[in-house]
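What you are looking at is a predicted structure, and each value in this text was computed from that prediction instead of being measured. Throughout, a chain's letter reflects where its sequence line sits, starting with A, and its residues are numbered from 1.
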There are 2 protein chains.
Amino acid sequence: MTQKTPEPKKRSNLRDVAKAAGVSVATVSRVLNEPTVVKKETLEKVQTAIAELKFVPSAAARAINSGRTRFVGALVPTLDNAIFARFLAALERKLSDHQLSLIVATTEASLEIEAEKAKSLLDIGAEGLIITGITHSPAFHELIERASLPTIVTSFFNPENPLPTIGYDNAAAAQLALQHLVELGHRDIAVVHGPVNDNDRTRARLTGLKVFPFDGKLSTFETEISHQGGADAAKHLGNLSSRPTAILCLSDVVALGVLLGLQAQNIIVPDQISMVGVDDLPTSSVTVPPLTSVHLPVSQMGERAADALANWITTHQAPKSEELFTQLVVRNSTKRC
Amino acid sequence: MTQKTPEPKKRSNLRDVAKAAGVSVATVSRVLNEPTVVKKETLEKVQTAIAELKFVPSAAARAINSGRTRFVGALVPTLDNAIFARFLAALERKLSDHQLSLIVATTEASLEIEAEKAKSLLDIGAEGLIITGITHSPAFHELIERASLPTIVTSFFNPENPLPTIGYDNAAAAQLALQHLVELGHRDIAVVHGPVNDNDRTRARLTGLKVFPFDGKLSTFETEISHQGGADAAKHLGNLSSRPTAILCLSDVVALGVLLGLQAQNIIVPDQISMVGVDDLPTSSVTVPPLTSVHLPVSQMGERAADALANWITTHQAPKSEELFTQLVVRNSTKRC
DNA sequence: GAGCTTGATGAAACCAGTTACATATGTCAA
DNA sequence: TTGACATATGTAACTGGTTTCATCAAGCTC
């Protein structure tokens with residue numbers, strides 16, 4: 001193409017170093033990997049050569065021998081929700097204990113994008129995958145099956161699932177929130193949730209609510225998972241002629257948005273309306289009023305998933321599914337009806 | 001799927017496929033990379049063999065030839081702040097246009113951890129790096145210099161910096177916020193900010209405030225960058241005998257925390273106290289009241305950084321620094337004093 | 001029918017490391 | 001003095017792909 005590239009950019013390799021140091025490539029390799037077996041003198045000679053030539057070993061060449069690339073991928077719907085951010089932080093921390101790096105790819109909650117991203121992760125050599133939810137495109141399944149790529153499902157517990165799941169029971173989590181409201185006497189409850197399309201966690205939660213024994217009114221409102229989305233929902237609910245007595249949000253981000261939206265309309269929580277969330281983000285304890293929420297153990301989930309995947313990769317033995325438990329955290333956003 | 005027998009795990013390679021299809025390795029390689037030049041009959045034969053042997057080409061072996069691993073790393077202080085999440089989302093989106101994957105590593109705002117993470121990114125073959133701020137440890141600088149690794153600084157603009165910077169003027173951003181408050185007549189302003197240790201962006205903002213011509217009182221309060229941290233700051237400021245008339249937060253996350261903290265003390269914004277933030281997160285437009293903030297163009301920054309890095313990698317030509325501009329967005333959290 | 005081009009394929013070199021095995025030297029006990 | 005053994009290093013065969021170049025047959029021109 002353009003032959004006016006200023007630098008030919010000739011990265012030096014093992015052979016160059018060996019020649020410069022007057023030793024064999026094997027010795028240089030030893031200096032790099034088990035320096036103790038090399039005689040001190042030789043070691044220094046080689047290290048000098050390495051420094052002089054600014055030699056940096058090629059990761060690819062290493063990988064080709066060990067068969068290991070030392071990184072895995074995680075596919076999450078978005079980074080723009082603290083719940084995933086917290087999960088990924090824990091995941092990354094624990095993976096690095098296993099000398100594994102993490103590539104984060106976002107799917108924008110689309111199974112199609114997920115399959116694409118998975119493909120490119122595989123292409124660049126990911127040794128394993130952490131994914132969200134049990135529902136995935138056929139292309140995705142084919143991909144990981146062909147490559148027999150260790151893949152762990154998170155945010156969802158289902159021991160029957162072909163891929164091991166490490167997560168919680170979404171239906172039960174939502175029911176915990178509903179039960180709390182029901183116990184407080186609420187009979188007209190609005191559920192605010194994110195998009196159900198391509199999101200089996202939300203669907204499972206909604207199903208959980210529907211099958212829960214409750215003879216009151218349960219309406220649902222779908223919105224974007226963001227503070228703005230929550231605020232939109234609040235505006236809608238606030239304008240209703242017969243306003244529900246409680247709002248159950250399937251995500252704390254949405255809940256905070258709803259809370260702000262209600263506040264903008266001067267609707268007092270919990271006096272005029274009760275609210276429960278699901279996630280229990282740290283933020284939920286500082287909102288006004290502090291938000292009652294169902295705690296999802298995402299940090300723990302990140303750690304367990306990291307351990308399980310690392311183990312799978314090294315032992316070639318798929319792990320068992322693991323259930324993590326959710327828990328209602330009662331604060332001040334709910335009140336007897 | 002989960003058979004108890006430890007799988008022999010004999011991944012098939014090009015040679016296996018070639019033998020099975022009765023062709024040479026070169027032909028198999030062609031089928032993979034330029035299928036059009038292969039005779040249709042042969043093509044099918046090979047593809048059948050590939051399918052039967054569940055052949056998946058080795059990324060490492062590819063990389064060794066092309067010299068390209070097709071991924072880069074990004075080092076950010078945390079994922080637990082929407083401002084970085086937004087930046088990374090844009091970065092990742094744009095990088096994928098260049099067929100590059102992104103490895104996100106968090107430094108927990110420690111230069112030491114940053115250097116470690118950079119090392120492991122390099123070890124696994126990152127082709128370039130996106131980093132935050134211009135201040136880094138000597139170990140880090142040595143590392144990227146030795147490897148002559150394309151590295152772009154973000155969130156900070158400084159054309160003098162040895163590494164190209166793509167970002168904004170942090171001092172100016174903070175000054176924009178201060179100027180607004182000063183113009184509204186505020187003379188007693190509290191600045192709430194995150195840790196200054198290992199954070200040159202915050203330091204630059206603080207310096208910007210200090211050198212701004214202003215003869216009123218300017219106090220500072222350092223806290224954690226989180227809603228909780230902001231709420232803590234609000235509690236402190238609310239209890240002060242002589243309360244400032246305005247609070248300037250160097251981060252919107254902190255600002256929302258402060259807002260909630262003030263609300264918990266029944267201090268009305270903006271009637272009793274004005275507030276300005278820096279970041280302009282989407283959330284800031286739905287808070288009560290909507291938060292006046294200085295917009296930081298982080299999505300744009302992500303895109304520019306991605307283009308610049310991709311270009312650097314392919315052309316071996318370091319890009320020029322690029323300044324992106326910040327802008328005050330006036331909402332309802334500020335009022336004339 | 002010779003000469004030339006085109007299309008399809010294969011042999012082998014090559015990328016940059018690791019590693020099994022061979023070799024050379026030195027130490028020590030028998 | 002010699003055999004046993006440890007230490008230090010080198011040679012060359014790997015790893016799993018890509019790529020250059022050579023080969024060969026078929027199609028076309030003159």
Side-chain angles (χ1 to χ4, degrees), chain A residues 8-50 53-70 122-127 146-148, chain B residues 8-50 53-70 122-127 146-148:
Chain A
K9 173 93 173 180
K10 23 126 216 245
R11 242 179 75 164
S12 49
N13 61 22
L14 254 200
R15 265 90 181 164
D16 297 334
V17 175
K19 193 175 292 175
V23 299
S24 74
V25 289
T27 300
V28 180
S29 181
R30 284 184 199 110
V31 169
L32 260 33
N33 300 306
E34 23 176 13
T36 53
V37 307
V38 180
K39 192 166 56 160
K40 203 172 163 192
E41 247 176 65
T42 319
L43 187 79
E44 280 165 10
K45 245 188 340 188
V46 173
Q47 284 174 333
T48 308
I50 287 178
L53 294 174
K54 295 196 170 197
F55 167 68
V56 179
S58 145
R62 275 218 164 118
I64 209 180
N65 287 293
S66 64
R68 303 212 44 185
T69 53
R70 305 231 71 105
L122 206 59
D123 281 346
I124 64 174
E127 292 190 62
R146 267 177 60 89
S148 55
Chain B
K9 173 91 178 182
K10 29 145 209 228
R11 242 180 79 163
S12 48
N13 61 24
L14 253 200
R15 264 92 179 167
D16 298 332
V17 175
K19 193 174 293 175
V23 300
S24 73
V25 290
T27 300
V28 181
S29 180
R30 283 183 199 109
V31 169
L32 260 33
N33 300 307
E34 21 174 18
T36 52
V37 308
V38 180
K39 193 167 54 160
K40 203 175 161 188
E41 250 175 62
T42 318
L43 187 78
E44 280 164 11
K45 248 189 336 188
V46 172
Q47 284 173 333
T48 307
I50 286 178
L53 294 174
K54 297 197 168 195
F55 169 69
V56 179
S58 145
R62 273 214 168 122
I64 210 181
N65 288 293
S66 64
R68 300 211 48 185
T69 54
R70 305 230 72 102
L122 205 59
D123 281 346
I124 64 175
E127 293 191 63
R146 269 178 59 91
S148 53

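- Using a distance-only test at 3.5 Å, with no hydrogens or angles considered, no donor-acceptor pair links the side chain of B:Ser29 to the main chain of B:Val25.
- As judged by a 4.0 angstrom heavy-atom cut-off over every strand, B:Ser29 is placed among the base-contacting residues.
- The NZ atom of B:Lys19 sits 12.5 Å away from atom CG of B:Leu14, with the distance rounded to the nearest 0.5 Å.
- Considering only side-chain N and O atoms, B:Thr27 lies under 4.0 angstrom from the phosphate OP1 or OP2 of C:dG10.
- Atom P of nucleotide C:dA16 and atom NZ of A:Lys19 are separated by 13 Å, given to the nearest angstrom.
- In terms of position on DNA chain C, the residue among B:Thr42 and A:Ser12 whose nearest nucleotide sits closer to the 5' end is B:Thr42.
- Contacts of A:Val37 with the nucleic acid, taken as non-hydrogen atoms under 4.0 Å apart, involve only primed sugar atoms and P, OP1 or OP2.
- Counting only heavy atoms from C-beta on, B:Ala26 has its side chain closest to C:dA12 among D:dG17, C:dT9, C:dA12.
- More than 12 heavy atoms of other residues, nucleotides or ligands lie within 6.0 Å of NZ in A:Lys45, so this atom counts as buried by the packing criterion.
- From A:Lys54, atom NZ reaches atom CG of A:Asp16 across 15.5 Å, with rounding to the nearest 0.5 Å.
- Put simply, A:Arg62 has a side-chain N or O that comes within less than 4.0 Å of OP1 or OP2 on C:dT18.
- As rounded to whole Å, 13 Å separates atom C1' of D:dT9 from atom CD of A:Glu41.
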Item checked: From CA spacing to verdict: side-chain contact (heavy atoms from CB on, under 4.5 Å), A:Val38, A:Val46 -> CA-CA 10 Å; A:Val38 180; A:Val46 173; 5.9 Å; no
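- As rounded to whole Å, 14 Å separates atom P of C:dC15 from atom CZ of A:Phe55.
- Atom-to-atom, CD of B:Glu44 to P of C:dT9 comes out at 12 Å; the value is rounded to the nearest Å.
- Residue A:Arg30 is the one, among A:Ile64 and A:Arg30, whose nearest nucleotide of DNA chain D lies closer to the 5' end (criterion: closest heavy atom).
- Among the atoms of the strands shown, none is found under 4.0 Å from any heavy atom of A:Val28.
- Rounded to an integer number of Å, the gap from CG of A:Leu53 to P of C:dA16 is 14 Å.
- Computed from coordinates, the A:Leu14 CG to D:dC14 P distance equals 19 Å when rounded to whole Å.
- One interatomic measurement links the two molecules: CZ of A:Arg68 to C1' of C:dG17, which rounds to 17 Å at whole-angstrom precision.
- A donor N or O paired with an acceptor N or O is found under 3.5 Å between the base of D:dG17 and the side-chain atoms of B:Arg15.
- Across the protein-nucleic acid pair, B:Glu34 atom CD and C:dA8 atom C1' stand 12 Å apart, rounded to whole Å.
- Considering only side-chain N and O atoms, B:Asn65 lies nowhere under 4.0 angstrom from the phosphate OP1 or OP2 of D:dT18.
- Which of C:dG17, D:dG16, C:dT9 sits closest to the side chain of B:Asn13 comes down to D:dG16.
- For the OP1/OP2 pair of D:dT11 and a distance below 4.0 Å, the side-chain nitrogens and oxygens of A:Ser24 include no atom meeting the criterion.
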